[in-house]
Amino acid sequence: MSTPVLDLHADPVDLTAALVDIESESRNETAIADAVEAALRTQTTGFEIVRHGNRVLARTDRGRPSRVILAGHLDTVPVAGNLPHRRETGGPDGDVLHGCGTVDMKSGDAVFLHLAATMTDPAHDLTLIFYDCEEIAAEFNGLGAVERELPDWLRGDVAILGEPTAGLIEAGCQGTLRVRLSARGVRAHSARSWMGDNAIHKLGGVLTTLAAYRPRRVDIDGCEYREGLSAVGIGGGVAGNVVPDESWVDVNFRFAPDRSVEQAVAHVREVFADQLADAELTFAVTDSAAGALPGLSHPAAAALVSAADGRFRAKYGWTDVSRFSALGIPAVNLGPGDPNLAHRVDERVPVSQIGAVADLLRAFLSGQLA
């Protein structure tokens, strides 16, 4: 099959549509990576370009005093009858582009590619990283592979991840922790329940504690992060006439980035201290990822906020900005599209937001408002 041709000098809205029409479900990104690589090699100047699996990396070395990393994933969730793209005109939000990946995050990728091809004299050296497998388990994440195998490509003064933010800067991200609280009992016939020890009943205190929990709010660099502790799964039971001898509840803690993973684990243990002591529950961490501090006081990040007219907010949820934060690089999320529409069958992005993000980043990268 021939490689799809992308015009990086075209309107970024048209470039978004072209990227959307290249189906790229996670682990099936070869075609779109081929197209991005070919376009960067033939339509940009001054970039060193490397292909690494289904990751495409490009960077300049013009001796500028600072380096900006622009990172975006090329994969999408599975298509749900929403390809090829469709453009709707005359709606209340103006023209709208529909299709899988319009929000998450091919419109952001299109902006980055367009700027790489059309900016001839940026004030910063640029590193572009387009990667695969962001939408599936973290072990497959292409940015993680770059971090492990090509770490020198993750050096910069500020990183911008093109995740959808409706054109606002969303700084940092929350950390996430999942733990499983398990109880054991003694199995018995439910007609002689006194001969057993019901494991499900032992979770009652856990659920009561969760219902009464009051999450913390914390301000960091002017961004308010709201924490949350929630039961996200529960199981137990053998049959309709058996007292169960095993039960469990999965709890997810979304925590502000001023906590480390270790501090988050300690906090959740403290919340359930009474149940762990009295009900003979076991406590196991099943998944965790650190958050990312916003880092907006860093000069490069402050210049980006200035370019955005001071409009920023905290990022709820976890994104790959955490990887940059762990490396000491301030990182923000900034891209077209309402994040609430990501992954939906009716995924769509207002055309105006694509142009607005492109204009904002052009002003920042050119140093007009630094």
Side-chain angles (χ1 to χ4, degrees), residues 68-73 77 103-105 107-109 111-112 129 131 134-135 138 141 143-144 154 156-178 215-230 252-261 263-264 287-298 300-344 347 349 353 356-357 360-361 364:
V68 177
I69 301 173
L70 306 174
H73 62 84
V77 296
V103 171
D104 193 11
M105 54 166 282
S107 54
D109 292 333
V111 168
F112 293 166
I129 302 173
Y131 60 101
E134 190 272 348
E135 298 288 7
N141 187 296
L143 190 58
L154 298 187
D157 296 282
V158 67
I160 302 170
L161 197 68
E163 290 283 358
T165 65
L168 298 175
I169 291 173
E170 292 188 342
C173 71
Q174 293 171 304
T176 183
L177 170 71
R178 280 193 293 274
R216 185 179 67 135
R217 298 188 183 192
V218 58
D219 185 284
I220 306 172
D221 281 355
C223 298
E224 183 184 69
Y225 293 89
R226 299 180 61 177
E227 296 186 329
L229 188 66
S230 307
N252 183 212
F253 182 37
R254 295 296 177 130
F255 55 93
D258 62 338
R259 296 190 200 260
S260 66
V261 169
Q263 290 169 330
D287 186 45
S288 65
L293 290 165
L296 296 181
S297 59
H298 188 283
L304 179 58
V305 172
S306 175
D309 296 326
R311 296 175 298 128
F312 63 89
R313 61 190 180 193
K315 179 65 175 177
Y316 294 124
W318 188 92
T319 74
D320 277 320
V321 299
S322 177
R323 299 181 189 275
F324 294 107
S325 180
L327 295 171
I329 302 171
V332 301
N333 304 276
L334 174 62
D338 180 348
N340 294 318
L341 295 176
H343 301 182
R344 289 174 51 132
E347 187 174 352
V349 61
Q353 282 187 12
V357 172
L360 189 163
L361 285 177
F364 167 63

(request) Start with the C-alpha gap between Asp287 and Thr176, add the side-chain angles, then the distance that decides, and say whether side chain to side chain donor-acceptor pair (under 3.5 Å) holds. (result) CA-CA 8 Å; Asp287 186 45; Thr176 183; 5.4 Å; no
(request) For Cys223 and Leu296, run side chain to side chain contact (heavy atoms under 4.5 Å, CB included): C-alpha distance rounded to whole Å, both residues' side-chain angles, the deciding distance at 0.1 Å, then the answer. (result) CA-CA 10 Å; Cys223 298; Leu296 296 181; 4.0 Å; yes
(message) side chain to side chain contact (heavy atoms under 4.5 Å, CB included), that's the test. Do Val261 and Phe255 meet it? Break it down for me.
(response) CA-CA 9 Å; Val261 169; Phe255 55 93; 4.2 Å; yes
(request) Carefully, step by step, assess Glu163 and Asp104 under the rule side chain to side chain contact (heavy atoms under 4.5 Å, CB included). (result) CA-CA 6 Å; Glu163 290 283 358; Asp104 193 11; 3.1 Å; yes
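The SG atom of Cys173 sits 13.0 Å away from atom OH of Tyr316, with the distance rounded to the nearest 0.5 Å. Rounded to the nearest 0.5 angstrom, Phe312 CZ and Leu334 CG are separated by 13.5 Å. Distance check, rounded to the nearest 0.5 Å: CG of Asn333 to CG of Asp320 gives 9.0 Å. To the nearest 0.5 Å, the span separating OG on Ser297 from CD1 on Ile220 amounts to 11.5 Å. Atoms CZ and CG, on Arg254 and Leu229 in that order, are 12.0 Å from each other to the nearest 0.5 Å. Considering CD of Glu135 and CG of Asn141, their distance stands at 10.0 Å, rounded to 0.5 Å.
With hydrogens and angles disregarded, no donor-acceptor distance shorter than 3.5 Å links the side chain of Asp221 to the backbone of Pro294. Put simply, the side chain of Gln174 gets close to the backbone of Gly317: a donor and an acceptor are under 3.5 Å apart. A donor-acceptor pair is defined here as one N or O able to donate and one able to accept, closer than 3.5 Å; no such pair exists between the side chain of Asp309 and the backbone of Arg311. Although no hydrogens or angles enter the test, the distance criterion places a donor-acceptor pair under 3.5 Å between the side chain of Ser322 and the main chain of Ala290.
By the 4.5 Å heavy-atom criterion applied to side chains, Ile160 and Phe112 are counted as neighbours. Within the 4.5 Å cutoff, side-chain heavy atoms of Leu304 are placed close to those of Leu360. A heavy-atom distance below 4.5 Å is found between the side chains of Asp157 and His298. Using a 4.5 Å heavy-atom cutoff, the side chains of Glu227 and Arg259 are in contact. Annotation: side chain of Arg323 is not in contact with side chain of Leu154 (no heavy-atom distance under 4.5 Å).
Heavy atoms from other residues, nucleotides or ligands lying under 6.0 Å from CZ of Arg216 number more than 12.
Residue Ala292 comes nearest to Pro257 through the heavy atom pair O-CB, 3.3 Å, listed as atom of the first residue, atom of the second, then distance. When all heavy atoms of Val321 and Ala331 are compared, the closest pair comes out as CB-CB, 3.8 Å.
Of the listed residues (Lys315, Arg217, Arg313), just one forms a salt bridge (Lys or Arg N to Asp or Glu O under 4.0 Å) with Glu224, and that residue is Arg217.
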